[in-house]
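Below you'll find the structure, written out as structure tokens, and then a few comments.
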Amino acid sequence: MFLHHETYAMNLGYQNELEGRVARLHLMQAKAPGYVGSEFFRYAGNTETYLALRFWNERADALAYAQTEEFRTYLHNRPPDSYVRQPEMEYYELAHEGRGTGKANLGILVQFDTLPGQHRAWEQAEIAFAPVFQAAPGFHSIRLFRYLGGPTRFLRVALWETRTALQAFLESPERLEHQRSSPRGLLRVPSTHRIYDILQRLPER
């Protein structure tokens with residue numbers, strides 16, 4: 001699975017415009033060959049920052065859609081001066097995924113930057129961690145992605161039903177024990193995470 005990761009920083013007053021435009025774009029993309037799904041988030045720490053995750057079977061499917069008249073019209077109709085800066089795009093491939101039983105209302109996204117030569121060991125440790133998530137009440141799903149711009153970066157996307165469920169998991173004995181027993185010295189810098197409210201998920205499941 002190919003992931004198109006796009007971050008938006010909006011000028012004040014354009015948030016509603018963006019939310020409507022991106023939601024409509026995802027509905028259009030849902031009809032395109034190779035489309036798998038999309039997730040649209042608003043950063044809980046700054047209501048002018050948004051994130052769209054678009055999933056395709058192959059990168060070629062995403063590139064083909066980008067050449068359509070439909071998408072070119074979408075870009076052409078973007079309101080002027082709506083962005084603080086141009087949207088930032090990154091590309092990933094799926095490494096692992098797992099499901100829980102909770103609903104998807106918020107997302108916690110964590111970026112990891114491993115030391116050279118340590119990415120495979122870290123990836124295996126991260127995959128081994130997935131069942132700890134899956135057993136937690138209120139957990140919906142987890143996906144781990146490898147960055148296509150280099151082998152040492154990863155993105156973990158975990159969806160949860162409530163902040164209460166997420167906090168309970170973070171403080172649980174199982175999670176703390178796994179943290180204590182995890183291999184050390186694999187990351188170049190400490191991981192960074194952000195919590196987002198989910199605005200749209202396609203397909204909904």
Side-chain angles (χ1 to χ4, degrees), residues 1-94 104-113 140-141 143 145-150 152-160 163 166 189-204:
M1 183 191 299
F2 171 73
L3 167 61
H4 179 147
H5 173 294
E6 188 164 14
T7 304
Y8 304 90
M10 305 305 298
N11 282 315
L12 190 63
Y14 284 95
Q15 295 97 317
N16 289 342
E17 175 73 26
L18 176 81
E19 290 179 19
R21 278 175 52 80
V22 173
R24 289 191 296 273
L25 172 64
H26 292 168
L27 289 170
M28 292 189 297
Q29 289 180 324
K31 305 170 188 176
Y35 166 88
V36 174
S38 57
E39 295 168 355
F40 186 32
F41 303 91
R42 180 175 56 227
Y43 180 35
N46 180 345
T47 58
E48 288 134 44
T49 300
Y50 293 81
L51 174 65
L53 305 182
R54 301 179 182 115
F55 310 105
W56 300 84
N57 282 328
E58 305 287 346
R59 186 169 189 169
D61 297 321
L63 293 175
Y65 182 79
Q67 300 303 313
T68 62
E69 185 64 29
E70 179 178 80
F71 186 67
R72 287 195 291 266
T73 299
Y74 167 84
L75 293 178
H76 179 74
N77 291 336
R78 183 180 70 188
D81 303 321
S82 55
Y83 297 146
V84 174
R85 55 184 176 273
Q86 288 297 310
E88 300 170 1
M89 291 175 281
E90 296 181 337
Y91 308 111
Y92 294 82
E93 64 179 356
L94 182 68
N105 294 317
L106 65 97
I108 178 167
L109 280 72
V110 187
Q111 288 191 330
F112 302 92
D113 190 350
H140 176 271
S141 60
R143 285 173 171 168
F145 295 93
R146 302 183 196 96
Y147 180 53
L148 290 175
T152 63
R153 281 183 54 191
F154 294 84
L155 174 70
R156 182 209 292 158
V157 181
L159 306 185
W160 291 84
R163 282 172 172 76
L166 170 59
V189 295
S191 59
T192 59
H193 73 274
R194 284 186 167 188
I195 296 177
Y196 293 83
D197 293 315
I198 298 175
L199 302 179
Q200 181 197 46
R201 293 187 68 247
L202 294 176
E204 296 182 7

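Because the structure is a prediction, the values reported are computed rather than measured. No hydrogens, no waters, no symmetry mates; every other heavy atom, side chains included, goes into these values.
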I'd like to check [X] versus [Y] (side-chain heavy atoms, cut-off strictly below 4.5 Å). Are they in contact?
X	Y	answer
Ser191	Gln111	no
Val84	Glu48	no
Leu3	Leu94	no
Asn16	Leu18	no
Arg54	Gln29	yes
Glu58	Pro33	no
Tyr50	Met10	yes
Glu70	Tyr65	yes

Point-to-point distance, once rounded to the nearest 0.5 Å, from [atom1] of [X] to [atom2] of [Y]:
X	Y	atom1	atom2	value
Glu93	Leu155	CD	CG	12.5 Å
Asp197	Asn105	CG	CG	9.0 Å
Phe112	His193	CZ	NE2	10.5 Å
Arg78	Thr73	CZ	OG1	14.0 Å
Tyr8	Arg85	OH	CZ	13.5 Å
Phe2	Asp61	CZ	CG	9.5 Å

Does Asn77 have more than 12 heavy atoms from other residues, nucleotides or ligands lying within 6.0 Å of its CG?
yes
Show your working on side chain to side chain contact (heavy atoms under 4.5 Å, CB included) between Val157 and Glu39 and close with a plain yes or no.
CA-CA 10 Å; Val157 181; Glu39 295 168 355; 4.1 Å; yes
Walk me through it: do Ile195 and Arg163 pass the test side chain to side chain contact (heavy atoms under 4.5 Å, CB included)?
CA-CA 9 Å; Ile195 296 177; Arg163 282 172 172 76; 4.0 Å; yes
Parallel, tilted or perpendicular: which fits the ring planes of Trp56 and Tyr35, with parallel below 30° and perpendicular above 60°?
perpendicular
Flag, side chain of Glu17 to backbone of Gln15, donor-acceptor distance under 3.5 Å:
no
Please answer whether the main-chain N or O of Tyr83 pairs with a side-chain N or O of Asn11 as donor and acceptor at a distance below 3.5 Å.
yes
For a quick test of reading the model, state the closest non-hydrogen atom pair linking [X] to [Y] and the distance between them.
X	Y	value
Gln200	Val22	OE1-O, 4.3 Å
Pro203	Gly37	CD-CA, 4.0 Å
Ala66	Phe71	O-CD2, 3.5 Å
Arg201	Ile198	CG-CG2, 3.5 Å

Just checking Tyr147 against Phe154, ring centres under 6.0 Å apart?
no
Decide if the gap between the ring center of Tyr91 and the ring center of His5 is smaller than 6.0 angstrom.
no
Decide whether a cation-pi geometry holds between [X] and [Y]; the criteria are a distance under 6.0 Å from NZ or CZ to the six-membered ring centre and an angle within 45° of the ring axis.
X	Y	answer
Arg194	Tyr43	yes
Arg156	Phe145	no
Arg21	Tyr74	yes

For a side chain to side chain contact (heavy atoms under 4.5 Å, CB included) check, start with the C-alpha distance between Asp113 and Thr192, then their side-chain angles and the critical distance, and finish with the verdict.
CA-CA 9 Å; Asp113 190 350; Thr192 59; over 6 Å; no
Let me know which of Phe41, Trp160, Phe40 forms a ring pair (Phe, Tyr, Trp, His ring centres under 6.0 Å) with Tyr196.
Phe41
Carboxylate-amine/guanidinium contact Glu19 Arg42, below 4.0 Å:
yes
Do NZ/NE/NH1/NH2 and the carboxylate oxygens of Arg72 and Glu69 come within less than 4.0 Å?
yes
Take Arg143 and Leu159 through the side chain to side chain contact (heavy atoms under 4.5 Å, CB included) test and state the conclusion after the steps.
CA-CA 9 Å; Arg143 285 173 171 168; Leu159 306 185; over 6 Å; no
